[in-house]
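This one's a predicted model, so the numbers in the text were calculated from it and none came from an experiment. The sequence lines fix the lettering, A, B, ..., with proteins before strands; numbering per chain opens at 1.
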2 protein chains.
Amino acid sequence: MAQHDFFGHMWWHGRLRGHGYRITVPRQVILDVLHSREGHLSAEDIYIEVRKEYPQIGLTTVYRTLELLVRMGIVFKFDFGDGRSRYELSEGPEGFRHHHHLVCSVCGRVIDYSEYLDSEQQLLDKTEAGLSEKYGFKITNHLIRFYGLCDRCQSGE
Amino acid sequence: MAQHDFFGHMWWHGRLRGHGYRITVPRQVILDVLHSREGHLSAEDIYIEVRKEYPQIGLTTVYRTLELLVRMGIVFKFDFGDGRSRYELSEGPEGFRHHHHLVCSVCGRVIDYSEYLDSEQQLLDKTEAGLSEKYGFKITNHLIRFYGLCDRCQSGE
DNA sequence: ACCGATTTGAAAATGATTTTCATTTTCAAT
DNA sequence: ATTGAAAATGAAAATCATTTTCAAATCGGT
């Protein structure tokens, strides 16, 4: 099991090496944390978590590594408007499920959902095709987000 | 014409007054700028523009007014990942056309489009209904964005 | 084990946004 | 029109996430 996890997490080695980047301890620990803790993690969340395994790490390295991973498409960077960016693995070989977001305008709560992706997909495909042609854009990704009031915040308003 | 514009821009008076906010010169000038310059304006863009009409304004007031307008739904706040927020009128009575974005991952260029909104609307309606029910969310707004490489940036990659 | 290039980490710098607080402005009541 | 309390403003300082700097440590091909 630990063995499986170990090799299961190694898939990104090739990606990095292939681009001439080195496999370093800080990078490994950061990737481990991203794998172990799903959700929308801030750079500091990750920093705190990584320190448990590798106390000498610097916040700088966390930021640099995240930037690298975002650039390689391994990690997504989100902004939910609370002043700090959030990071999350885009997908592993086992495939983290792509999802969209519901954001509460009052309390800032973010809910992930993935159950309407199939019906959304048809539209996305059609729209992407049209946009690609019209604007010469090569679309690689998308972001869909609904804003509103979450159940908890509706009573008070 | 100036007369028409004048009254045409006054629609938000009621909105503010209705919430107990006062109509002040800085707020009027900021709204004027937002009306005159479509696009994705940063707080500083707006500050610079406002200063031409009202040089004594402070950047602080611009931020505060924008926050107020966002809270009232008069202005949208976007984050395209370049470190500064962008603001834009959501709609006037004459109705600025709602649009979605194409964002180039390489150069950061942002293209507005609105020609697929109709076909997107069906999906949005269906999804919103489902999400509202399942999560008890009262959806008021949405954000759709495609990321990719713009035509200029594809040749070099 | 060695070496050059990459990566790291601590500290300082940056820069957008927010807070503070004394002064000015708005507007309902007079 | 005048007044006065409450709201809004603006200058300066503070905040705080992120980036830059640079000397020391690490990586990986030899």
Student: Are side-chain heavy atoms of A:R109 and A:I111 found at a separation under 4.5 Å?
Tutor: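 Side chain of A:R109 against side chain of A:I111, heavy atoms only: contact under 4.5 Å found.
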
Student: Hey, is the side chain of A:T24 poking within less than 4.0 Å of OP1 or OP2 on C:dT8, counting only N and O atoms?
Tutor: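 Affirmative; the distance criterion is met.
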
Student: Which listed nucleotide (C:dA16, D:dG10, D:dC27) is nearest to the side chain of A:V25?
Tutor: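 Of C:dA16, D:dG10, D:dC27, D:dC27 is nearest to the side chain of A:V25.
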
Student: Hey, is the side chain of B:Y63 poking within less than 4.0 Å of OP1 or OP2 on C:dT17, counting only N and O atoms?
Tutor: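 Yes.
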
Student: Phosphate oxygens OP1/OP2 of D:dC27: is one of them under 4.0 Å from a side-chain N or O of A:R17?
Tutor: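 No, no such contact exists.
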
Student: Would you mind reading off the distance between A:L59 atom CG and C:dA12 atom P, rounded to a whole angstrom?
Tutor: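 Answer to the nearest Å: 16 Å.
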
Student: Got a list of side-chain donor-acceptor pairs under 3.5 Å for residues 46-72 of chain A, not counting sequence neighbours?
Tutor:
from: A:E49; atom 1: OE1; to: A:R37; atom 2: NH1; distance (Å): 3.2
from: A:E49; atom 1: OE1; to: A:K52; atom 2: NZ; distance (Å): 3.4
from: A:T65; atom 1: OG1; to: A:T61; atom 2: O; distance (Å): 2.8
from: A:R71; atom 1: NH1; to: A:Y21; atom 2: OH; distance (Å): 2.9

Student: With the threshold set at under 4.0 Å for non-hydrogen atoms, list the residues of residues 67-77 of chain B touching DNA chain C in residue-number order.
Tutor: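 Heavy-atom contacts with DNA chain C come from no residue of residues 67-77 of chain B; none.
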
Student: Counting only side-chain nitrogens and oxygens, does B:T61 get under 4.0 Å of the OP1 or OP2 atom of D:dG10?
Tutor: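 Looking at the OP1 and OP2 atoms of D:dG10, one of them is under 4.0 Å from a side-chain N or O of B:T61.
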
Student: With the side chain of B:S85 defined as its heavy atoms from C-beta on, choose the nearest nucleotide among D:dA17, C:dT17, C:dA28.
Tutor: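 Given the options D:dA17, C:dT17, C:dA28, the side chain of B:S85 is closest to C:dT17.
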
Student: Does B:R22 contact D:dA6 through a side-chain donor or acceptor facing the base, at a distance under 3.5 Å?
Tutor: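 Check passes, donor-acceptor contact within cut-off.
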
Student: Please check this pair: side chain of B:D45 against backbone of B:S42, looking for a donor-acceptor N/O pair closer than 3.5 Å.
Tutor: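 Yes, the answer is positive, given that a donor and an acceptor are paired below the 3.5 Å cut-off.
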
Student: Does a side-chain N or O of B:Y54 approach OP1 or OP2 of D:dG10 to a distance below 4.0 Å, or not?
Tutor: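 For B:Y54, the contact criterion (side-chain N or O under 4.0 Å from OP1 or OP2 of D:dG10) is met.
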
Student: Can you say whether a donor on the side chain of B:R64 sits under 3.5 Å from an acceptor on the base of D:dA8, or the other way round?
Tutor: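 Answer is no: no donor-acceptor pair is held.
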
Student: Is the gap between the ring centers of B:H101 and B:F78 under 6.0 Å?
Tutor: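 Yes, close enough.
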
Student: So, B:F80 versus B:H40, ring centres under 6.0 angstrom or not?
Tutor: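 Yes, close enough.
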
Student: Can a donor-acceptor pair be found, under 3.5 Å and without considering hydrogens, that links the side chain of A:E88 to the backbone of A:F76?
Tutor: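 Flag not set: sc A:E88 to bb A:F76 has no pair under 3.5 Å.
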
Student: Could you state the atom-to-atom distance from CG of A:L66 to P of D:dT18 in whole Å?
Tutor: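 Result: 10 Å.
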
Student: Kindly state whether the ring of A:H142 and the ring of A:H98 have centres lying under 6.0 angstrom apart.
Tutor: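 That pair passes the under 6.0 Å test.
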
